[in-house]
Amino acid sequence: ITAIRQGISNAGHDPNAVQLLTTREETNALLALDKYVDLIIPRGSNAFVQFVQANTRIPVLGHADGICHLYVDAAADIEQAASIAVDAKVGYPSACNAIETLLVHKDIAEKALPVLAKGLQAEGVELRGDDNTLKILTDLKAATEDDWATEYSDLILAVRVVDSLDAAIEHISTYGSRHTEAIATTNQTAADTFMAQVDAAGVY
């Protein structure tokens with residue numbers, strides 16, 4: 001918000017035209033300004049978006065769930081993938097584009113999972129694994145079917161080992177919310193396939 005206000009000021013306008021609302025009272029006050037506000041675009045959890053929609057007569061451009069995935073391909077750079085996973089989960093865990101599920105190719109799982117887990121757990125992330133993940137990371141809580149369809153908005157991450165790129169795409173098609181999806185790979189063909197076949201607003 002500091003940069004936006006500086007830009008407004010540099011353009012010769014009042015920087016107080018932009019305000020950051022942080023409390024429920026401030027949000028409720030905004031929602032009552034239907035004579036002055038044309039559109040609200042809420043950013044945050046699905047519960048927050050639903051709250052905004054239910055408490056205003058102002059048009060709301062909202063999103064649904066943010067069940068997002070990072071797929072670590074067989075050809076991934078493991079250290080790079082770990083860095084991406086930590087950033088995508090820890091940077092702002094309640095954001096709608098934070099990852100909720102980590103998918104790891106079976107051919108790289110034995111090497112990658114300990115590195116991924118170390119980086120994530122060092123940041124306080126609770127990992128929940130499927131059966132194949134638990135064979136490698138034996139101290140994790142078991143993931144349930146509900147975990148694949150849950151937007152945690154918290155430092156919790158479900159982990160699943162998949163047999164192939166196609167299996168990762170199938171999982172995303174089944175459980176994803178078509179918000180944001182990503183692949184970590186050094187294989188351009190795998191990246192191109194993922195980009196072409198995954199249906200989401202943002203694919204990286």
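Computed from heavy atoms alone, side chains included, the values below leave out hydrogens, waters and symmetry copies.
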Interatomic distance, [X] atom [atom1] to [Y] atom [atom2] [nearest 0.5 angstrom]:
X	Y	atom1	atom2	value
Leu61	Ile41	CG	CD1	5.0 Å
Ile4	Ser9	CD1	OG	13.5 Å
Lys35	Arg57	NZ	CZ	8.5 Å
Ile183	His105	CD1	NE2	10.0 Å
Ser153	Tyr92	OG	OH	9.5 Å
Asp154	Ser94	CG	OG	9.0 Å

Over all atoms of both residues, closest heavy-atom pair of [X] and [Y]:
X	Y	answer
Val198	Val203	O-CG2, 3.8 Å
Asp107	Ala74	CB-CB, 4.3 Å
Leu137	Ala117	CD1-CB, 3.8 Å
Ala76	Ala184	CB-O, 3.3 Å

Do [X] and [Y] make a side-chain contact, defined as non-hydrogen atoms from C-beta onward lying under 4.5 Å apart?
X	Y	value
Asp14	Ile8	no
Leu120	Leu157	yes
Thr180	Cys68	yes
His179	Cys96	yes
Gln53	Val49	yes
Val125	Ile156	no
His171	Thr101	yes
Asp199	Ser173	no

Hey, is the main chain of [Y] close enough, under 3.5 Å, to the side chain of [X] for a donor-acceptor pair?
X	Y	value
Thr138	Leu134	no
Asn187	Ala190	yes
Asp73	Ala75	yes
Glu123	Val90	no
Thr27	Thr23	yes
Thr174	Glu170	yes
Asn28	Glu25	no
Glu181	Ala200	no
Asn55	Phe51	yes
Thr56	Val52	no

Atom [atom1] of residue position [X] - does it have more than 12 heavy atoms of other residues, nucleotides or ligands inside 6.0 Å?
X	atom1	result
Asp139	CG	yes
Gln19	CD	yes
Glu110	CD	no
Asp131	CG	no

Assigning hydrophobic clusters by single linkage (Ile, Leu, Val, Met, Phe, Trp, Tyr; side-chain heavy-atom cutoff under 4.5 Å), is [X] placed with [Y]?
X	Y	result
Val161	Leu140	yes
Ile172	Leu116	no
Ile108	Ile169	no
Val115	Val86	yes
Leu31	Val60	yes

* **Gln121 and Leu127: CA distance, side-chain angles, deciding distance, side-chain contact (heavy atoms from CB on, under 4.5 Å) verdict** => CA-CA 8 Å; Gln121 290 174 328; Leu127 302 176; 4.0 Å; yes
For residues [X] and [Y], is any side-chain donor paired with an opposing acceptor at under 3.5 Å?
X	Y	result
Tyr175	Glu145	yes
Tyr152	Asp147	yes
Asp130	Thr133	yes

* To do: Could you walk me through whether Glu100 and Lys89 pass the salt bridge (charged side-chain N to carboxylate O under 4.0 Å, His left out) test, one step at a time?
  => CA-CA 7 Å; Glu100 306 295 2; Lys89 184 62 188 177; 2.8 Å; yes
* So, is the end of the Arg160 side chain (NZ or CZ) under 6.0 Å from the ring centre of Tyr71 and within 45° of the ring's axis? ->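 Not satisfied by the 6.0 Å and 45° rule.
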* **side-chain contact (heavy atoms from CB on, under 4.5 Å) evaluation trace for Ile67 with Trp148** => CA-CA 8 Å; Ile67 302 173; Trp148 312 128; over 6 Å; no
* Output, in order, the C-alpha distance, side-chain angles, deciding distance and verdict of side-chain contact (heavy atoms from CB on, under 4.5 Å) for Asp38 and Ile58. => CA-CA 6 Å; Asp38 298 317; Ile58 301 168; over 6 Å; no
* **SB check Glu126 Arg128 (cutoff 4.0 Å)** =>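 Counted as a salt bridge, because a side-chain N and a carboxylate O are separated by less than 4.0 Å.
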* Set of residues satisfying side chain to side chain contact (heavy atoms under 4.5 Å, CB included) with respect to Ser164, sequence neighbours excluded -> Asp166, Ala167
* Asked: Given Val104 and Val162, is the side-chain contact (heavy atoms from CB on, under 4.5 Å) satisfied, shown in steps?
  -> CA-CA 6 Å; Val104 181; Val162 293; over 6 Å; no
